[in-house]
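Counting starts at 1 for both ligands and their atoms, in listed order. Values reported hereafter were calculated over all heavy atoms of this structure, with side chains retained and with hydrogens, waters and symmetry mates removed.
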Amino acid sequence: MHVGIIMDGNRRFAQKEKLFPRFKGHLYGKLALERLLKHWVKMGKPKYLTLYAFSLNNLKKRSTIEKRFIFKLLEIGFKELLNSQDIFKNKVKILFVGKKEKCPKSLQNLMKDIEQKTKNHKNKFLTFCVCYDGQEEIVNSFNNMIKKGVKKADLKTIKKYLYTKDLPQVDLMIRTGDEKRISGFLLWDISYAELIFRKETWPEYTPKMFEDDLKEYEKRKRRFGK
Ligand code: FPP
């Protein structure tokens, strides 16, 4: 099973909690993610978990100071993963997808290092979308097909050239923060996904809510799966 999450609402959380500047909300977003990952490694499923950490649109539209803050947080968080028992004991393979060359060099090196050190893990798969946009991913796939001289595009070939070539289709997409949008998340792979939109902001999202969302998914599958 593959679950994708759009972690939205960090700044609105900060606003509610009267934190300033509002982008401090990302700190609480990072805490919510740590809580969830600690729980996920112990769960039987999903085997695949993919998180929208930073979009190409974020890169274009957020202020320099906020971007610097997020990239620093990602760097701190990813370093923690690299030193985490949870990842190595449970054999979690970590992948980063997106236009990674748009990230600061130090972050690029760190991501490469983590991919390298977890590349033989096969138990669970944790993917972070960084500087990612689903339309850009599809355009990139076509350009790489052209470069390789592919004469005809079909479903299998397009997938083979996506950043997510090694990941299965998404079964369940969860978005927090009360917006009912896809925002370019894993466009190719969510074609048949069930969608859950939550009112809670990302920092408020708990492992219990994740368990509930999986139950809701199972219910929908029983109703419509046949
Ligand atoms: C969306 O909230 C969230 C982001 C743009 C950044 C997500 C980053 C994290 C959760 C930190 C993750 C840390 C690691 C280690 C991966 P928003 O700013 O769009 O909030 P808003 O919708 O309230 O404005």
Determine, for [X] against [Y], whether the closest basic-nitrogen to carboxylate-oxygen distance falls under 4.0 angstrom.
| X | Y | value |
| --- | --- | --- |
| K79 | E75 | yes |
| R198 | E216 | no |
| D86 | K42 | no |
| K30 | E34 | yes |
| E218 | K215 | no |

Closer than 4.0 Å to some heavy atom of [X] - which atoms of ligand 1 meet that?
| X | result |
| --- | --- |
| A53 | 6 (C), 7 (C), 8 (C) |
| L33 | 14 (C), 16 (C) |
| N58 | 5 (C) |
| G77 | 15 (C) |

(message) Quick check: closest heavy atoms across A53 and V130, and the distance to 0.1 Å?
(response)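 In this case the closest contact between A53 and V130 is CB-CG1, 4.3 Å.
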
(message) To check you understand the geometry: which heavy-atom pair defines the closest contact between L81 and F88, and what is its length?
(response)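 Distance-wise, the nearest heavy atoms are O-CE1, 4.1 Å.
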
(request) Dump the intermediate steps for side chain to side chain donor-acceptor pair (under 3.5 Å) on S55 and N58, then the final yes or no. (result) CA-CA 5 Å; S55 71; N58 291 151; 3.2 Å; yes

(request) Only pairs at least two apart or in different chains count here, so list each salt bridge (Lys or Arg N to Asp or Glu O under 4.0 Å) that has a residue in residues 124-151. (result)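 Of all non-adjacent pairs touching residues 124-151, those that pass salt bridge (Lys or Arg N to Asp or Glu O under 4.0 Å) are K99-E136.
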
Looking at ligand 1, does any of its N/O atoms fall within less than 3.5 Å of an N/O of [X]?
| X | answer |
| --- | --- |
| D8 | yes |
| W202 | no |
| R12 | yes |

Taking a cutoff of less than 4.0 Å between a non-hydrogen atom of the residue and any ligand atom, is [X] in contact with ligand 1?
| X | value |
| --- | --- |
| G9 | yes |
| F128 | yes |
| R62 | yes |

(request) Run down the list I6, I76, N10 and name the one with the heavy atom closest to atom 20 (O) of ligand 1. (result)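 The nearest heavy atom belongs to N10.
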
Where is the nearest protein heavy atom to [atom]: which residue, which atom, and how far?
| atom | value |
| --- | --- |
| atom 1 (C) of ligand 1 | M7 O, 3.2 Å |
| atom 24 (O) of ligand 1 | R11 NE, 2.8 Å |
| atom 4 (C) of ligand 1 | H26 CE1, 3.7 Å |

